Amino acid sequence: MTNEEKIKDILLHQFGYTYFREGQEEAILAALDGKDTLVMLPTGTGKSICYQITGYCLEGIVLIVSPLLSLMQDQVDQMKRMGEKRVTALNSLMSSEERKWVMSHLTDYKFIFLSPEMLQQKYVLAKLKSLTISVMAIDEAHCISQWGMDFRLEYLGLGMVRKELNNPLTMALTATATEVVREEILTSLFLEQDKTTQILYSVDRPNIALTTINCSHDKDEQLLNQIKNLSKPGIIYFSSKKKADQIASWLKKETSYTVESYHSDIINEDKIKIQQQFIQNEIELICATSAFGMGINKENIRFVIHYHMPASVESYLQEVGRCGRDGQQSIAVLLFEAGDQFLQKRLQEQSLPNNAMLEYAYRHKKIPEGSCSETQQQLLENYLSSGTPINQAKSQILGRERQKDRQLEYMVHYSQTTDCKRSFLLYYFNEKLIKNPSYCCSSCGLDQEFYDKIKEKEKLTHFSISKSWKEKIEELFLLSE
DNA sequence: CGAATTAAAAGTACTTTTAATTCGGTGCAGTACT
């Protein structure tokens, strides 16, 4: 049986699909041909099938590096539901007994999900070195560039891990990455450009109309106006937890929509609950920070509104891409007010250490107390312990600052351009817009017909009012009578 | 009345260890009542 026949067979018998979606087959065949791959496919097109089927065809264990514990848990559960028993995660949510048991029975598993942090624990890496790894899959690989430089430094350690594991066949997967980001992914994983197969598909999402509204002290009204005119469910993104909470409670008071806010201060239990309710159409609007979104598998999100713009065009496209997965007409709205970029600039400043902090740390061989944010401390500690010369550290940080400034500049430019927004986005990702969709963007013009069409769709989504446990139990009793 | 100071300070996650607080059950002793 050829590889082509073999993977079609697995697709049908393991997953129940009769055909591959675009890019999947290409990625799997390249991997089976022994090529490391960088797979860039649009959100929700089944990237996980790529490493799963590749794994089924090869001897040995598949390691999947995942950025979030909740995401891991979802994936493990989903694979178990599909009938795969040899799958597990390895993380801090498990009890130490549970973890020990898994650690001593690693060869019984075919798929192991772990975080970059766990993968770099000495006892884990040592154990894995003695096993046969068939595939090392890096899910949401853009995190390497988005988080690795300052927020989660362990993401930059994946290259060393790969080397330690004797360079296993590698598959990096993401939905949105510019050419620069793709290069950063390759170099930090020590993948050679000319020996890596890149499977790249357009980041364009023709069913998402792109609009920007310039506000002047009327952002709240503009927001309310948009929400009233658009069909639900939708996400509203903020760059401040406080503002997200504030607007959420204002909307609860002002409207009859079901609204919740979501950010890192929400305890884990509530985060899961809110996600579930949103997915089950019990919540219409989520006021969120960037904490919300990764791994949210919801098909019918109709709009994404940005109350604050994100730090980069990459992040913007990532967040916008969460609506309209079902292919139905959806819309992204950016509410812009002059000066909004300074909020991002502030956040940026407190994520990187300044010169004074660097000099203090190098002179006293310790981190200045009190004045440093957590990410600044992390980065300083990293520089000190790795013995990086201070001048090299300084120029690295300066380079990173410049890069972030440039990204922010592009984002502002996007908001202000009167040229086609879609062309701008695609140009940023080195693509050319071939054909404008009929509802393209605010520069190309969206008429009332567009809003009418979107409003139409609302009738199709059924929102269930959430019931109290008493009502639910009463219902059960009535059913059994 | 004008100048100077002050307050607040914006987002993203994982891991492991340690200290402090809270919670629930049990046994015992003291008190009030029959």
Side-chain angles (χ1 to χ4, degrees), chain A residues 64-74 89-100 103 113-125 138-140 142-158 161 219 235-248 261-268 271-272 286-296 306-312 314-316 318-319 322 337 339-352 354 370-379 381-382 400 404 407-408 411:
Chain A
I64 304 112
V65 180
S66 169
L68 301 177
L69 298 181
S70 59
L71 205 59
M72 266 179 227
Q73 216 56 57
D74 282 354
L90 202 54
N91 60 41
S92 62
L93 297 177
M94 302 158 71
S95 68
S96 56
E97 291 82 32
E98 214 178 341
R99 221 172 337 172
K100 266 179 203 155
M103 281 295 291
F113 288 82
L114 21 66
S115 65
E117 287 84 357
M118 188 55 93
L119 192 51
Q120 275 157 86
Q121 297 283 322
K122 284 206 174 83
Y123 68 97
V124 176
L125 193 55
I138 322 288
D139 203 10
E140 309 285 358
H142 59 277
C143 290
I144 290 174
S145 120
Q146 199 179 310
W147 283 352
M149 316 287 178
D150 41 48
F151 181 51
R152 280 174 79 178
L153 305 176
E154 285 83 357
Y155 256 105
L156 284 194
L158 289 176
V161 170
K219 216 186 240 187
I235 307 174
I236 306 147
Y237 274 109
F238 299 82
S239 297
S240 144
K241 298 184 255 191
K242 211 164 122 190
K243 198 74 192 175
D245 282 338
Q246 206 181 310
I247 297 287
S261 65
Y262 187 108
H263 47 68
S264 65
D265 286 349
I266 307 287
I267 59 165
N268 247 322
K271 278 189 186 170
I272 294 168
I286 299 271
C287 294
T289 61
S290 56
F292 187 79
M294 239 195 302
I296 300 289
H306 278 78
Y307 188 96
H308 295 133
M309 66 179 173
S312 67
E314 282 104 307
S315 304
Y316 186 65
Q318 196 102 36
E319 289 168 359
R322 300 200 169 116
E337 189 166 327
D340 276 358
Q341 64 271 37
F342 297 117
L343 199 163
Q344 284 301 336
K345 184 70 190 150
R346 270 306 176 85
L347 289 169
Q348 186 189 124
E349 278 164 10
Q350 57 177 254
S351 68
L352 294 170
N354 58 34
S371 55
C372 281
S373 72
E374 218 173 304
T375 58
Q376 287 168 336
Q377 284 178 30
Q378 256 189 55
L379 207 61
E381 271 165 30
N382 204 269
R400 183 77 180 133
K404 287 191 175 200
Q407 291 178 331
L408 188 56
M411 192 59 226

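No experiment lies behind these values; they were computed from the predicted model shown. Letters A, B, ... are given to chains in the order of the sequence lines, protein chains preceding strands, and every chain is numbered from 1.
The number of heavy-atom neighbours closer than 6.0 Å to NZ of A:Lys345, taken from other residues, nucleotides and ligands shown, is above 12.
Of the candidates A:Glu140, A:Gln146, A:Met72, A:His142, A:Pro67 forms a side-chain contact (heavy atoms from CB on, under 4.5 Å) with just one, namely A:Glu140. Applying the ring-ring contact (aromatic ring centres under 6.0 Å, His included) test between A:Phe238 and each of A:Tyr262, A:Tyr307, A:Phe292 identifies A:Tyr307 as the sole match.
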Can you check nucleotides 18-21 of chain B for protein contacts, nitrogen or oxygen pairs under 3.5 Å, and list what you find?
none

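Using bins of under 30°, 30° to 60° and over 60° for the plane-to-plane angle, the ring pair A:His306/A:Tyr316 lands in the tilted bin.
Between A:Gln376 atom CD and A:Gln350 atom CD the span is 7.0 Å, to the nearest 0.5 Å. Summarising the geometry, atom OG belonging to A:Ser261 is positioned 11.5 Å from atom NZ belonging to A:Lys241; distances are rounded to the nearest 0.5 Å. Atom NZ of A:Lys243 sits about 12.5 Å away from atom CD1 of A:Ile236, to the nearest 0.5 Å. With rounding to the nearest 0.5 Å, the separation of CD1 in A:Ile296 from CG in A:Leu71 is 9.0 Å. With rounding to the nearest 0.5 angstrom, the CD atom of A:Glu319 is 8.5 Å from the CD1 atom of A:Ile235.
Residues A:Lys404 and A:Gln407 bring no donor and acceptor atom of their side chains to less than 3.5 Å of each other.
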statement: The contact string for nucleotides 8-16 of chain B, one letter per nucleotide 5' to 3', using protein heavy atoms under 4.0 Å with B, S and - for base, sugar-phosphate only and none, comes out as -BBBBBSSS
- prompt: What would the secondary structure line of DNA chain B be in dot-bracket form, counting Watson-Crick and G-U wobble pairs under 3.5 Å, with [ ] for pairs that cross earlier ones and | for pairs with another strand?
  reply: ..................................
